[in-house]
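To find a chain, count down the sequence lines: A is the first, B the second, and so on, and within it residues start at 1.
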Amino acid sequence: MSKHVVLSAGCKAWRSLSCPRSELWLDLTLGCGQTFRWRETADGHWTGVMRGRVWTLTQTENMLWYYVYGHQMNPGAESGQKCKVKGERRSGEMMDIKEEEEKTCTVMSDLDHKDEELLRDYFQLDVKLEDLYRHWSAVDLHFKQIANVFTGVRMLRQDPGECLFSFICSSNNHISRIQGMIDRLCQTLGTPLCTLDDVAYHDFPPLPVLSDASVEMRLRDLGFGYRARFLQQSAQLIVNSHGPDWLKSLRSVAYLQARDALRALPGVGLKVADCVCLMSLDKAEAVPVDTHVWQISKRDYNCAAGSSQKTLTDKVYKDIGDFFRNLWGSYAGWAHSVLFCADLKRFQKLKEDIPVLKDEKEPKKIKEKRDDRDEEKQKKRKNSKKRQRT
DNA sequence: ATCAGACCTCC
DNA sequence: GAGGTCTGA
């Protein structure tokens, strides 16, 4: 039985690339809710599926370490010679036959290079995060304080399909439940990749699979609720009216054009569209605004947008996005994720080192407003009606 | 164009 | 009630 690897075990198949912690903090970047596909499988070790393969990542002060699991890992592989390991891994992957014939060491080093490129692309390591932090800190004192602790939070460049369908599931929902739903989705409809310590890893289901009419019912059985139909309908609409490469093609159009295109999909409003734009379509200026970010804009920035509103209307949404874009500039979405991360409950203990943050606002006012909302919501308890749309 | 209400579960 | 969206007024 295969196990999750750990760096300290000294397995030879670990590889590394230069990457200081200031450019990437794995725990924050993979744990802040932008992806639902990674788990901390050992201390500081993150295992997940990326680009159709299972990886374990960890980092030391100046290095990012990575290990790629073979689909049918040969038992002797880990102790074998390095290039042999890779040859075996590749043979399990069913790639081009032409390449398959040339298992020479020169080809291996090309593959080495390819894996590193995959990582550099996924983590967008060509974007110099330190420079961005410096800029955001210069224009925003509040950011500057947060940034002292929450370093290395960067946006991933995710697969657009996976990103879209994951965030369609995010409405009226919280991270842990979304993770469970995505787990079950992949487990049920995705291609199995490998099993490690009794944990089965599956690829994310491809578009044609999700578009099948039977998917809605299956997802409802998996606890997706009303999101089940959104997911299947969106997949179907893309397949029928756009084609398999459409999502990725949105990378080369302007931000607002891409966002509007996504909004035409069922279950995709401004928030989900912005998540997909920011996290998979190279739109660094997209700022996803949820109720949480709305609170931040009021509490930490005295942002007037929607201060008299009860709900996050489209207008308020756009005003808040513009506010932050105006403040932070063209990578506003990246900056937003740092603050978002800093507000997550799971990372609150990191903030104990920031004394200024404790007594800088008026919690009383915010509490009153929140109580108002709670009362309103208690009024609306009603029966559910069955929808009748085929 | 703008705003409540309903929508599915689970904690 | 939750990191929202769709729908009808």
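Between A:Asp126 and A:Arg157 there is no salt bridge, since none of the side-chain N atoms of the basic residue sits less than 4.0 Å from a carboxylate O of the acidic one. Salt bridge absent: A:Asp245 and A:Lys248 never bring a charged side-chain N and a carboxylate O closer than 4.0 Å.
Ring geometry for A:Tyr69 versus A:Tyr67: interplanar angle over 60°, hence perpendicular rather than tilted (30 to 60°).
With distances taken from any side-chain atom of A:Lys310 to the nucleotides C:dG3, B:dA4, B:dC3, the minimum falls on B:dA4. Of all nucleotides listed (C:dG3, B:dC7, B:dC3), B:dC7 comes nearest to the side chain of A:Tyr226. You'll find that the side chain of A:Arg220 is closest to B:dC8, out of C:dG3, B:dC8, B:dC3. Here C:dG3 is the nucleotide among C:dG3, B:dC3, B:dA4 with the atom lying nearest to any side-chain atom of A:His292. Among the nucleotides C:dG3, B:dC8, B:dT2, the one closest to any side-chain atom of A:Asp290 is C:dG3.
Residues from residues 28-37 of chain A placing a heavy atom under 4.0 Å of any atom in DNA chain C, listed by number, are A:Cys32, A:Gly33. Within residues 165-188 of chain A, the residues having any heavy atom under 4.0 Å from DNA chain B are, by residue number, A:Asn172, A:Arg177.
Side-chain nitrogen and oxygen atoms of A:Thr311 include at least one within less than 4.0 Å of the OP1 or OP2 phosphate oxygen of B:dA4.
Donor-acceptor pairing under 3.5 Å, judged by distance alone, is absent between the side chain of A:Tyr317 and the base of C:dG4.
Side chains of A:Thr151 and A:Ser22: a donor-acceptor N/O pair is absent below 3.5 angstrom, by distance only.
Comparing C:dT5 with B:dC10, their P atoms sit 22 Å apart, to the nearest whole Å.
Consecutive Watson-Crick or G-U pairs involving DNA chain B, each under 3.5 Å on both distances, make up stems of three or more pairs at B:2-7 with C:4-9.
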